[in-house]
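The figures here come from the full heavy-atom set of this structure, side chains too, leaving out hydrogens, waters and symmetry mates. Residue numbers begin at 1 in each chain, while the letters A, B, ... track the order of the sequences.
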Amino acid sequence: MVDYNKPLPNVNQDSKEFWTGCKVHELRFQKCKDCGHIRWPASMICPLCYSRDTQWIVASGKGKVYTFVVYHVAYHPGFKDDVPYVVAVVELEEGPHLLTNIVGCKPDEVRCDMPVEVTWEDITEEFSLPQFRPIS
Amino acid sequence: MVLSYGHNAFSSDSMRRLLVERNADDAVFGHFGAAAGYALAARRGMHSFRTGPETWKHIAVGQRKWANLNPVATMYERTMTFDDYYNARWVVAPFRLLDNCLMTDGGRAIVITSAERARDLRHPPVLIMGMGQHNPAYDVHQATHLTGPTGAKKAGEMALTMAGITIEDIDACEIYDCFTYTVEITLQDYGFFGPGEGQDWFRGGTIEPGGGMPVNTSGGQLSEAYYMGLTPLSEAAMQLMGRCGRRQLGPTTNTKSPAVILCSDTGGILQTHTCIILRRP
């Protein structure tokens, strides 16, 4: 953990609640109090109805793989020992699409629409990453 | 007016740095650059309709055949077979190395003026018939247009309407080809074939010298040079002027002599799109 050598999140006012939730292993998203749309990335206003009235909800952590790729090249030295690794867009049950990793299976076992659930990688004292694994 | 582009993308690290620049928190998950973004789109395409390397190999190999007729193409002296395509190393799967465009030191420029002024110039001019633009804009994570319709659909319709022609009137295409899949989804959204029909449409050398719909006749960004939107646009103009030597459309390459050529440009990860249709005077 001490010598974690990959990029860390850039936390801002909008994303703070998301990363705080990750630290306690909760996937938190904003839900519009007016139209009910659950959104990601976090933002001040609802992209569908422009309301500013928002509450944070905790997502189930279940979803399916919308699309994915397998990196065979490390574009950052921190990922040198990880290749081949999977980057995916997961469509959560609640709606948001989240860019993440698929772990817990071989890269060639990943499929679009495969059911997945969140699993947490505690990378530093401050941050945990939401990654996803196949639902067995 | 001069429209120009120049870059030392191959010999400097400026393009590489641009491509791995941080986009929000993507880098936290090891996600960088354009190849992986388009690969996310291409993978969803493989799930949604019949596409994949079986289709893309025709694009990579077909364009290489044009480059082999173009002395200024980076890949002029290097032929490519389907086996070469399949044996190329993975970059970000489903893309192999030969699904990716080149990085190039060089540039292009186009002079744009009025039709009246152009009459006196040394070279015959080429006329702009129609233009269209459509920008879905969504970031690749949130995008649901990765498998079409991309911006190409509306931009193409706008350009054809302005030109007063239909897709049947197009003699050749110069398509922005950052990756092989970009060529397929762009031609598909323009309406040259239906979703997944590309595998059959490209088969048998459709886009190659001697083919029924020549595409990226300089070798394109995959095999000639990457000059952003000016790779397709400059080639269309040169073809319509008849200045293309051994790769000249018409009897030289056993193709139709071109009166009308369609060009595309794509930005971001399928986030912006421009279609321009050019013709001989």
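Between the side chain of A/T67 and the backbone N or O of B/A41, no donor-acceptor pair lies under 3.5 Å.
Remark: B/R50 CZ is packed, more than 12 non-hydrogen atoms of other residues, nucleotides or ligands lying under 6.0 Å away. Counting heavy-atom neighbours within 6.0 Å of A/K6 NZ, excluding the residue itself, gives a total above 12. The local environment of NZ in A/K23 is crowded, with over 12 non-hydrogen atoms from other residues, nucleotides or ligands closer than 6.0 Å. Within 6.0 Å of CZ on B/F10 lie no more than 12 heavy atoms contributed by other residues, nucleotides or ligands.
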task = Applying side chain to side chain contact (heavy atoms under 4.5 Å, CB included), run through B/R43 and A/V70 and close with a yes or a no.
result = CA-CA 10 Å; B/R43 175 77 71 182; A/V70 184; 4.3 Å; yes
request  = Go through the steps to decide whether B/H47 and A/Y66 satisfy the test side chain to side chain contact (heavy atoms under 4.5 Å, CB included), and finish with yes or no.
outcome  = CA-CA 9 Å; B/H47 179 72; A/Y66 183 74; over 6 Å; no
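With a 4.5 Å cut-off on non-hydrogen atoms, A/F79 touches chain B through its side chain but not through its backbone. For A/P41, the parts lying near chain B are the backbone and the side chain together; criterion is any non-hydrogen pair under 4.5 Å. Heavy atoms closer than 4.5 Å to chain A are found nowhere in B/A42, neither backbone nor side chain. For a residue to count as touching a neighbouring chain, one of its non-hydrogen atoms must lie under 4.5 Å from one of that chain's; by this rule B/R16 does not touch chain A. Using a 4.5 Å cut-off between heavy atoms, A/Y85 contacts chain B through its side chain alone, with no backbone atom that close. Proximity to chain A (any heavy atom under 4.5 Å) is shown, for B/T144, by both the backbone and the side chain.
Ring pair B/F32/A/Y71 is perpendicular by interplanar angle, where above 60° counts as perpendicular and below 30° as parallel.
Listed in order of number, the residues of residues 44-58 of chain A that approach chain B to under 4.5 Å between heavy atoms amount to none. Contacts of residues 87-103 of chain A with chain B at a heavy-atom distance below 4.5 Å involve A/V87, A/V89, A/H97, A/L99, A/T100, A/N101, listed in sequence order.
The two residues A/Y75 and B/A35 make their nearest non-hydrogen contact at OH-CB, 4.4 Å. Scanning both residues, B/A36 and A/V69, for their nearest heavy atoms gives O-CG1, 3.8 Å. Pairing each heavy atom of A/P7 with each of B/A27, the nearest pair is CG-O, 3.7 Å.
A heavy-atom distance below 4.5 Å is not found between the side chains of B/D25 and A/F18.
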